[in-house]
Amino acid sequence: MVSTTNDSLEGALTTQSTHRPLLGMTQAELTDWVQTQGQPTYRGKQLHQWIYGKGARSLADITVFPKTWRQTMEQVSVGRSEIHHRSIAPDQTVKFLLRLDDGHIIEAVGIPTEKRLTVCVSSQVGCPMACDFCATGKGGFIRNLATHEIVDQVLTVQEDFAQRVSNIVFMGMGEPLINAHNVVQAVKCLNQDIGIGQRSITISTVGIPGQIRRLAQHNLQVTLAVSLHASNQPLRTQLIPSAQQYPLKDLLDECREYVAITGRRVTFEYVLLAGLNDCEDHAVELSQLLRGFQSHVNLIPYNPIDEVDYQRPSRQRVNQFTDSLKAAGVAVTVRYSRGLEKDAACGQLRASKVGD
Ligand code: SAH
């Protein structure tokens, strides 16, 4: 696992490969850093503006800095990834393949609507959870993303669209709560340094024992989305191998704690797989499971992937399932994923390396 967030500032600036990238640092940290470089404190604020506001990719780009200093600092890594590929779907969803410093490729998706620009960010290269219906898991797990590699995805989309990002969903590649430290750092940076409201940030997790409780203790105002996908334990284990070590009851207990601590309701995601978890009995069971729970159910009709032959239910079945939940008093919405044509929809993102 890779974490750059504990690197000390001191002594971290000797070579490009070992120092902590500037992206992800707060204004106070950047100010400390410029001081260690013999520069006046106000350069910290300038550096902050140029990195987060003007998209500087190198200190050489920062024209307000003295030329000689800029030149000596050229090797300092800001921490931006390169755009390896960009593709646009007919619905204007844009998928970016970003090349990390070590050559791995991750995906980020920009999803525009009339009023919003949402970024679907990745938290890992690949994913270890191996959910049976998800393309990312089929490719295995490579490593956690560092904080700057998460923040970079948002800046890339913002710059490409030339529009402020309004919402962020941690629904790209990876399981965010296995990389909780860097994800929480990224959330704080996106909030404080880029100005995205915490309430406009959603962390989606399949559930890792103890981690939802731990996230609650950070007292962030982010939305927690939990990938439930089944109304009972045996069915959930069939679809999500990790559920074996995490009984549904324990998962829901932790979600209740999240609601109690943060005062925020939880979203439950439920991918609809024809004939498997979309029957009337499942709707009834699901509404019983969630009775009295301060929550919202988000139904995601399955997006096809090559490796397995699950089917997406008909619209009629999706509507019936939705109506049953509504009739039982469950708050529910259906999410037809965007970007389907470019494999940019939920569960269709996968890891690759340049040259694959
Ligand atoms: N690891 C996180 C984020 C995964 S992606 C999590 O498990 O929540 C976001 C959502 O897309 C999850 O609910 C995930 O289960 C769902 N998903 C995965 N594959 C899918 C597919 N093929 N069709 C529809 N949704 C899918």
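Computed from a predicted structure; not experimentally measured. Order of appearance sets the numbers: ligands from 1, and atoms from 1 within every ligand. Computed from heavy atoms alone, side chains included, the values below leave out hydrogens, waters and symmetry copies.
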Colleague: Report the part of V206 (side chain from C-beta onward, or backbone N, CA, C, O) that has a heavy atom under 4.0 Å from ligand 1; answer both or neither where that applies.
Modeller: both
Colleague: Would V121 and L117 show up in the same hydrophobic cluster when neighbours are defined by side-chain heavy atoms closer than 4.5 Å?
Modeller: yes
Colleague: Of all the heavy-atom pairs spanning N179 and S123, show the shortest one and how long it is.
Modeller: ND2-O, 2.9 Å
Colleague: For S227, counting its heavy atoms only, list the atoms of ligand 1 lying under 4.0 Å from any of them.
Modeller: 6 (C), 7 (O), 8 (O), 12 (C), 13 (O), 15 (O)
Colleague: Please classify the M171 to ligand 1 contact at 4.0 Å (heavy-atom distances, strictly less than): side chain, backbone, both or neither.
Modeller: both
Colleague: With a distance cut-off below 6.0 Å to the six-membered ring centre and an angular limit of 45° from the axis, does R315 pair with Y336 as a cation-pi contact?
Modeller: yes
Colleague: So which heavy atom on I305 is nearest to which on A135, and how close?
Modeller: CD1-N, 3.7 Å
Colleague: Side chain or backbone of H229 under 4.0 Å from ligand 1, or both, or neither, by non-hydrogen atoms?
Modeller: side chain
Colleague: What atoms in ligand 1 come closer than 4.0 Å to a heavy atom of V271?
Modeller: 23 (N), 24 (C), 25 (N)
Colleague: Could you tell me whether F133 and ligand 1 have an N or O pair separated by under 3.5 Å?
Modeller: yes
Colleague: Taking the basic N atoms (NZ, or NE/NH1/NH2) and the acidic carboxylate oxygens, is any pair closer than 4.0 Å for R20 and E29?
Modeller: yes
Colleague: Applying a strict under-4.5 Å side-chain criterion to I, L, V, M, F, W and Y, I'd like to know whether Y52 and V64 cluster together.
Modeller: yes
Colleague: Between the side chains of R43 and Q46, is a donor N or O closer than 3.5 angstrom to an acceptor N or O?
Modeller: yes
Colleague: Check for me whether A225 has a heavy atom closer than 4.0 Å to any atom of ligand 1.
Modeller: no
Colleague: Using a 4.0 Å heavy-atom threshold (strictly under), name the region of V226 that reaches ligand 1: side chain, backbone, both or neither.
Modeller: neither
Colleague: Kindly indicate whether the side chain of T237, heavy atoms from C-beta on, has any atom under 4.5 Å from the side chain of Y246.
Modeller: no
Colleague: State which residue, out of H48, Q27, K188, fulfils the side chain to side chain donor-acceptor pair (under 3.5 Å) condition with D193.
Modeller: H48
Colleague: Under 4.0 Å from a heavy atom of C134: give me the atoms of ligand 1 that qualify, with their elements.
Modeller: 18 (C), 19 (N)
Colleague: If you count the atoms of ligand 1 from 1 in the order shown, which ones are under 4.0 Å from a heavy atom of E175?
Modeller: 1 (N), 2 (C), 6 (C), 7 (O)
Colleague: Give yes if a backbone or side-chain nitrogen or oxygen of N303 is under 3.5 Å from a nitrogen or oxygen of ligand 1, and no if not.
Modeller: yes
Colleague: Under a 4.0 angstrom heavy-atom cut-off, which atoms of ligand 1 come close to Y302?
Modeller: 21 (C), 22 (N), 23 (N)
Colleague: Closer than 4.0 Å to some heavy atom of G174 - which atoms of ligand 1 meet that?
Modeller: 1 (N), 2 (C), 3 (C)
